[in-house]
Protein chains: 4
Amino acid sequence: MSAAQDHIREQLIEARRNQILDATAKVFAEKGFHRATTKEIARAAGVSEGTIYNYFASKADLVVGIMTRLAELDALGEELAGALQSEPREFFIAAFRHRVNRIRQGQEMLQAILPEVLTSPELRESFYRQYVLRIAEMLEQYVRTRVELGDIRPVNVPLTVRALQSIFVGLFVMRILGDEAVLSGWDDVPEVLATLIFDGLCPRPEEVAG
Amino acid sequence: MSAAQDHIREQLIEARRNQILDATAKVFAEKGFHRATTKEIARAAGVSEGTIYNYFASKADLVVGIMTRLAELDALGEELAGALQSEPREFFIAAFRHRVNRIRQGQEMLQAILPEVLTSPELRESFYRQYVLRIAEMLEQYVRTRVELGDIRPVNVPLTVRALQSIFVGLFVMRILGDEAVLSGWDDVPEVLATLIFDGLCPRPEEVAG
Amino acid sequence: MSAAQDHIREQLIEARRNQILDATAKVFAEKGFHRATTKEIARAAGVSEGTIYNYFASKADLVVGIMTRLAELDALGEELAGALQSEPREFFIAAFRHRVNRIRQGQEMLQAILPEVLTSPELRESFYRQYVLRIAEMLEQYVRTRVELGDIRPVNVPLTVRALQSIFVGLFVMRILGDEAVLSGWDDVPEVLATLIFDGLCPRPEEVAG
Amino acid sequence: MSAAQDHIREQLIEARRNQILDATAKVFAEKGFHRATTKEIARAAGVSEGTIYNYFASKADLVVGIMTRLAELDALGEELAGALQSEPREFFIAAFRHRVNRIRQGQEMLQAILPEVLTSPELRESFYRQYVLRIAEMLEQYVRTRVELGDIRPVNVPLTVRALQSIFVGLFVMRILGDEAVLSGWDDVPEVLATLIFDGLCPRPEEVAG
DNA sequence: AATGAATGAGTCTTCATTCAT
DNA sequence: CATGAATGAAGACTCATTCAT
């Protein structure tokens, strides 16, 4: 029974943490980390300021909390891994679709933390390791393999992979900036990217011939 | 004589403004807008706090000042315009080189303001119009023309252009995040991107044949 | 219970506000609005600077707070109303006594805000309406009635009433200026004024005769 | 010649001082001592900030300058002295007229300094001696004499004199407060006051009889 | 565990004053 | 003498954090 109670307690704690983080993401996304006040977050979460400090060590810790939650939410690793067997074009489309959806879902949380992440060295480090480097390494591995198999032309693998990742980072920034083309065309992004990245802009002879 | 004096005075004012903005960019890039104090900026600029306020209306105005200076520095418009006659491959390489150099030069200033730009609606709007939209429109125009000429395959022009811009935004973020591959491979970025964007990842039959 | 708690809470808030306003009046009266610092007020009130701002929106709001409190304290309206039936001489003596006492009691608060009231257009307006105009209108009404009844000789009612009010304003300023005659003779003021105002300085024939 | 030059120089200095004090009075009257900035005064005077400090030791010294100028302007002493021989009623009317005119002329300067005078102990002292006490003593002397002669009924001389002075102080405050009755009826004040003060409000038997 | 009043360190900003030109 | 840029001390105000209830 004690075990069951502990379980319930843990669930309650987790629920309260999420309740606070949801509110935090909302407020941070709207006003930014520094202009958001703990009082405001408390109000948005429907709790008191004191309660926030029962679940998080500090205001800065809320950023960490959001980052962690984003990471948990993010199963790119597994999904990517699953698609690693596919042919490149399918793989990229699948990967792009996945990213595009993740960004849509995590927009608020990501927008909430990105400016702060770009500002604080520690967050930068942590964010880079969790979100950029891990994926970069997987992609590098995949591309390198495919290059060896002749499915992808020989390229500067690290930079090419960074360019791919950069597109999504950049598109996300475009969304924050309110670019209409990106916001309204978001669903088409995976295919457009697949064409761009996979086929290139240069028209192919056989296509011209065809 | 009064005219000459005015001229000198204006130059002094401009020099002082730049002196302050240089220091500001340094401090903002290091600590971020909010953690940077006016006292710190003053010290870095070698002036008193009061002097800052003789040249800028507020701390926030320093961000605007940096943004304006970036825009003045930025002659992409003209350079792009000059390359608009070139064949696509040359055009893109030239454009990429240009961007890559601008980012290297403006890194500090850009890093100083980006997080704040992402946070403040007004700055966002202003930044988007000055740095994103203007260039997007020029690129769209170019790409559209080339598509009509058959030099570029038919693509979703707005999104493709956003994707191109996004790459640089994203790569810049990667630099802030300290990604080694991007930082150390920066000089190779234009060519890698040209290959990626123009030729695509998919190996071409004739190349395979060759 | 919630209602009871609310009641207690409100009382606590009111008590804290008064505690702060008392200290504020003291410090303002001594140093004036601008030379008084919030730190000093906080110390005098035995709270922290932050606490002041939990109860008042700004330093300027403290002036408003004092003014409001003065107005609440001030029941001249009712007392005047009560005396409105009396014969003029009794009425004036009663009214003068009342004013004289109010000034003595409210000296600190009044001295605290008067210079600022004379300076700020908004406060001026507000002060004038609460303290001057309301009473002027009541007095005018009374005097006009008594003139009609023949109990008061025909006079320029508005100006006469202003003159009466002015005496108290002026005497209060005299107190601030430290005039010994006014300070030490304060208790005699009502009677002296009654004689002055009601009988005039000119000796009366019958009195001379008597 | 050197003497003549000195004379011219002195006149220039005096003119410049007055130019500055005029502007100061205007700005102080409008914004109050503390909210007025030296920059603003300089602009209003058509000189630079530095120039102000060539003629006055400090911002506070400008108040002293205005007070001194008011005192020079003010020849009440002499005029009062001249009227001291008159019968009471004529004397008071003359004195009241004089005061009323002085206030109208000196309104701006007086309004400029009064709030500050009420606030600063030193100014208070100085103001009290120059403007209040001197006149009070003269009035006391006059009234006392007239009482002895039987021209004025026996009264509490010091308080009566203070009350008389207070009326003008109070009326001046009323003007600052923007009271319409006082502002628009200003020309009638001397007569109204003469009636009020000299004859009193109480109707006289013989008048009733008449 | 939740509350929210109290805290006070920290910061932007103002502005009287100085002084080199 | 006049100027006005530079100064920097001072102060109102904010807000993350604590803790008694």
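One can place CD1 of C/I41 at 17 Å from P of E/dG8, the figure rounded to the nearest angstrom. Between D/D61 atom CG and E/dA16 atom C1' the separation is 13 Å, expressed in whole Å. Between the NZ atom of A/K31 and the P atom of F/dC15 there is a distance of 9 Å, given to the nearest Å. One interatomic measurement links the two molecules: CD of C/Q19 to P of E/dA6, which rounds to 9 Å at whole-angstrom precision. Rounded to a whole Å, the CZ atom of D/F56 is 14 Å from the P atom of F/dC1. One interatomic measurement links the two molecules: CD1 of C/I8 to P of F/dT21, which rounds to 14 Å at whole-angstrom precision. Distance CD1 (D/I13) to C1' (F/dC1): 10 Å, rounded to an integer number of Å. Rounded to a whole Å, the CG atom of A/L62 is 16 Å from the P atom of F/dC15.
With A/R124 contributing its side chain and A/L118 its backbone, the two residues share a donor-acceptor pair below 3.5 Å.
Considering only side-chain N and O atoms, D/S48 lies under 4.0 angstrom from the phosphate OP1 or OP2 of F/dT3. Considering only side-chain N and O atoms, C/Y55 lies nowhere under 4.0 angstrom from the phosphate OP1 or OP2 of E/dA5. The side chain of D/N54 contributes an N or O atom lying less than 4.0 Å from OP1 or OP2 of F/dA2. The side chain of D/R16 contributes an N or O atom lying less than 4.0 Å from OP1 or OP2 of F/dA2.
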For nucleotides 10-12 of chain F, list the nitrogen or oxygen atoms of the protein found under 3.5 Å from its nitrogen or oxygen atoms, one pair per line.
{"unit_1": "F/dA12", "atom_1": "OP1", "unit_2": "C/A36", "atom_2": "O", "d": "3.2"}
{"unit_1": "F/dA12", "atom_1": "OP1", "unit_2": "C/K59", "atom_2": "NZ", "d": "2.8"}
{"unit_1": "F/dA12", "atom_1": "OP2", "unit_2": "C/T38", "atom_2": "N", "d": "2.8"}
{"unit_1": "F/dA12", "atom_1": "OP2", "unit_2": "C/T38", "atom_2": "OG1", "d": "2.9"}

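At a threshold of 4.5 Å between non-hydrogen side-chain atoms, the residues D/T68 and D/E72 count as touching. The shortest side-chain heavy-atom distance between A/L62 and A/I20 falls under the 4.5 Å cut-off.
Under the ring-ring contact (aromatic ring centres under 6.0 Å, His included) criterion, A/F56 pairs with no residue, sequence neighbours left out.
When each of E/dA6, E/dA1, E/dA2 is scored by its nearest atom to the side-chain atoms of A/T51, the top-ranked nucleotide is E/dA2.
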* In dot-bracket, 5' to 3', how would DNA chain F read with Watson-Crick or G-U wobble pairs under 3.5 Å, [ ] for crossing ones and | for pairs to another strand? -> .||||||||||||||||||||
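Between B/R35 and A/E116, at least one side-chain N (NZ, or NE/NH1/NH2) sits under 4.0 Å from a carboxylate O, which counts as a salt bridge.
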* Show your reasoning for whether side chain to side chain contact (heavy atoms under 4.5 Å, CB included) applies to C/K59 and C/F28. => CA-CA 11 Å; C/K59 194 186 174 189; C/F28 280 1; 4.2 Å; yes
* Pair B/T119-B/F33, side chain to side chain contact (heavy atoms under 4.5 Å, CB included): steps then yes or no -> CA-CA 11 Å; B/T119 296; B/F33 178 79; over 6 Å; no
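No hydrogens or angles considered: nothing links the side chains of C/S126 and C/E122 as a donor-acceptor pair under 3.5 Å.
When all heavy atoms are compared, the tightest approach of A/Q19 to A/A45 is NE2-O, 2.8 Å.
Taking for each of B/G50 and C/A57 the nucleotide of DNA chain F with the nearest heavy atom, the 5'-most of the two is the partner of B/G50.
Heavy atoms from other residues, nucleotides or ligands lying under 6.0 Å from CZ of A/R129 number 12 at most.
A/R43 comes within contact range of no nucleotide atom at all, as no heavy-atom separation falls under 4.0 Å.
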